[in-house]
Engineer: 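The structure follows.
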Amino acid sequence: MAIIVDLDVQLARHHMSVGEFAAAVGITPANVAVLKNGRAKAVRFTTLDAICRTLGCQPGDVLRYVPDEAQDIP
């Protein structure tokens with residue numbers, strides 16, 4: 001997938017455990033793992049808002065786009 005979730009980087013910067021983060025955001029630790037491992041198919045804006053509020057960051061600090069090589073072929 002072309003969207004990379006850099007949540008682990010942000011958690012390390014803030015010295016937060018997955019459990020602390022999950023409780024602060026209001027999602028389960030299992031869903032945090034899904035996000036961290038790149039297995040999420042979607043993220044609700046309300047969840048992204050809570051993530052950014054908790055970490056004091058912008059969406060671009062958590063999500064980044066890296067094009068697949070197959071997409072580069074016209």
Side-chain angles (χ1 to χ4, degrees):
M1 179 182 273
I3 303 297
I4 306 299
V5 181
D6 288 325
L7 192 53
D8 52 345
V9 173
Q10 292 296 324
L11 290 179
R13 283 185 182 158
H14 289 81
H15 306 287
M16 289 186 86
S17 71
V18 168
E20 291 171 325
F21 177 72
V25 172
I27 60 177
T28 66
N31 282 337
V32 174
V34 167
L35 285 169
K36 283 180 54 174
N37 296 326
R39 292 178 291 155
K41 299 293 182 198
V43 178
R44 291 182 180 186
F45 282 139
T46 54
T47 302
L48 186 56
D49 176 69
I51 289 170
C52 291
R53 254 187 295 113
T54 300
L55 297 175
C57 68
Q58 294 293 315
D61 297 328
V62 178
L63 304 172
R64 81 186 140 95
Y65 174 74
V66 177
D68 291 335
E69 288 184 37
Q71 291 178 343
D72 293 338
I73 301 171

Engineer: Taking only residues two or more places apart in sequence or in another chain, which ones pass side chain to side chain contact (heavy atoms under 4.5 Å, CB included) with Ala50?
Structural biologist: Val25, Arg53
Engineer: With sequence neighbours excluded, tell me which residues meet side chain to side chain contact (heavy atoms under 4.5 Å, CB included) with Ser17.
Structural biologist: Glu20
Engineer: Excluding sequence neighbours, so at least two apart, what forms side chain to side chain contact (heavy atoms under 4.5 Å, CB included) with Asp61?
Structural biologist: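 Scan of Asp61 (side chain to side chain contact (heavy atoms under 4.5 Å, CB included), adjacent residues dropped) gives Gln10, Cys57, Gln58.
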Engineer: Test of understanding: with side-chain hydrogen bond (donor to acceptor under 3.5 Å, both in side chains), list the residues that count as partners of Asp6, not counting sequence neighbours.
Structural biologist: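 Result, side-chain hydrogen bond (donor to acceptor under 3.5 Å, both in side chains) vs Asp6: Arg64.
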Engineer: So, using side chain to side chain contact (heavy atoms under 4.5 Å, CB included) as the criterion, who are the partners of Val32 when residues are at least two apart?
Structural biologist: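 Here the qualifying residues are Leu7, Val18, Phe21, Ala22, Ile27, Lys36.
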Engineer: Compare every heavy atom of Cys52 with every heavy atom of Pro59, then report the nearest pair and how far apart it is.
Structural biologist: N-SG, 3.5 Å
Engineer: Between Val5 and Leu63, is the side-chain contact (heavy atoms from CB on, under 4.5 Å) condition met? List the steps.
Structural biologist: CA-CA 5 Å; Val5 181; Leu63 304 172; 3.8 Å; yes
Engineer: Measure the OG1-CG distance between Thr47 and Leu35 for me, rounded to the nearest 0.5 Å.
Structural biologist: 8.0 Å
Engineer: So which atom in Leu55 and which in His14 form the shortest heavy-atom distance, rounded to 0.1 Å?
Structural biologist: O-NE2, 2.7 Å
Engineer: Near Arg39 CZ, under 6.0 Å, is it more than 12 heavy atoms from other residues, nucleotides or ligands?
Structural biologist: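 Correct, the count exceeds 12.
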Engineer: Among the clusters formed by ILVMFWY side chains lying less than 4.5 Å apart, do Val9 and Val43 turn up in the same one?
Structural biologist: no
Engineer: Can you name the side-chain hydrogen bond (donor to acceptor under 3.5 Å, both in side chains) partners of Thr28, sequence neighbours left out?
Structural biologist: Asn31
